[in-house]
Amino acid sequence: MADKSSADRILAAIRAIPPGQVAGYGHVARRAGLPGRARLVARVLRENADPRLPWHRVLRSDGRIAFPPDSEGFEEQTQRLRAEGVDVRQGRVRIAESVPDLDGNLDAALWKPR
DNA sequence: AGGATGACGGGAG
DNA sequence: ACTCCCGCCATCC
């Protein structure tokens, strides 16, 4: 298993995402000091049990929700994001329209809008 | 040891 | 914008 410190840094990076904002797996990994470990971030989330963790703010680099469109997780995440005012359409988040300048706040949290 | 797997990323067509 | 394909990393047969 990946060492605990790495998992802790990843969890901290996720908890650092402000409500109403989102970040990609790869981005979270970099912020945790683990460039190239996007898949490790996914693993940590998969094993996470903390209900207080804002896991729903983590998306794929293209803005799509990582769960299959027909899954529970997909619905759950969509609902949680919308509850924070995030614009989710067709399983995808529109940054430019739903999130106020992510670029300046978190170091360029996500992909190319639109 | 070798191949398969996945809540990923990025480039190519 | 969408699909395919391949690179990556850690884990698990």
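We name chains A, B, ... by the order of the sequence lines, and we start the count at 1 in each one.
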Length of the CD1-C1' vector between A:I65 and B:dA7, whole Å: 11 Å
Can you confirm whether A:W55 sits close enough to A:Q77 that some side-chain heavy atom of one is under 4.5 Å from a side-chain heavy atom of the other? yes
Listed by chain and number, what are the side chain to side chain contact (heavy atoms under 4.5 Å, CB included) partners of A:A66, not counting sequence neighbours? A:Y25, A:R60
Is there any salt bridge (charged side-chain N to carboxylate O under 4.0 Å, His left out) pair reaching into residues 2-17 of chain A, and which pairs are they, with sequence neighbours excluded? A:K4-A:D8, A:R15-A:D50
Check the interface with nucleotides 4-9 of chain C: list each N/O to N/O pair with the protein under 3.5 Å, or write none.
| from | atom 1 | to | atom 2 | distance (Å) |
| --- | --- | --- | --- | --- |
| C:dC8 | N3 | A:R39 | NH1 | 3.2 |

Can you tell which of C:dA10, B:dC8, C:dC2 lies closest to the side chain of A:R92? C:dC2
Nucleotide B:dA7, atom C1' - distance to CZ of A:R80 in whole Å: 14 Å
Roughly how many Å is it from CZ in A:R57 to P in B:dA7, rounded to a whole number? 22 Å
Rounded distance in Å - CD1 (A:I17) to P (B:dA7): 18 Å
Short side-chain N/O contact to B:dA7 OP1/OP2 from A:S71, under 4.0 Å: no
Across all chains, not counting sequence neighbours, the salt bridge (Lys or Arg N to Asp or Glu O under 4.0 Å) partners of A:E76 are A:R80
Tell me, please, which residues at least two apart from A:P68 pass side chain to side chain contact (heavy atoms under 4.5 Å, CB included). A:D70, A:S71
Using atom CD of A:E72 as one end and atom C1' of B:dA7 as the other, report the distance to the nearest whole Å. 15 Å
Side chain to side chain contact (heavy atoms under 4.5 Å, CB included) filter on A:A13, not counting sequence neighbours, yields A:V28, A:R31, A:A32
Tell me every residue that passes side chain to side chain contact (heavy atoms under 4.5 Å, CB included) with A:P19, counting only those two or more places apart in sequence or in another chain. A:R57, A:E84
Rounded distance in Å - CZ (A:R64) to C1' (C:dA1): 11 Å
Is a side-chain donor or acceptor of A:R82 paired with a backbone partner of A:V88 at a separation under 3.5 angstrom? yes
When the distance from CG of A:L11 to P of B:dA7 is rounded to whole Å, what number comes out? 17 Å
Residues within residues 43-55 of chain A bordering DNA chain B, heavy-atom distance below 4.0 Å: A:L45, A:R46, A:W55
Taking side chain to side chain donor-acceptor pair (under 3.5 Å) as the test, write out the residues that go with A:E47, two or more places apart. A:R43
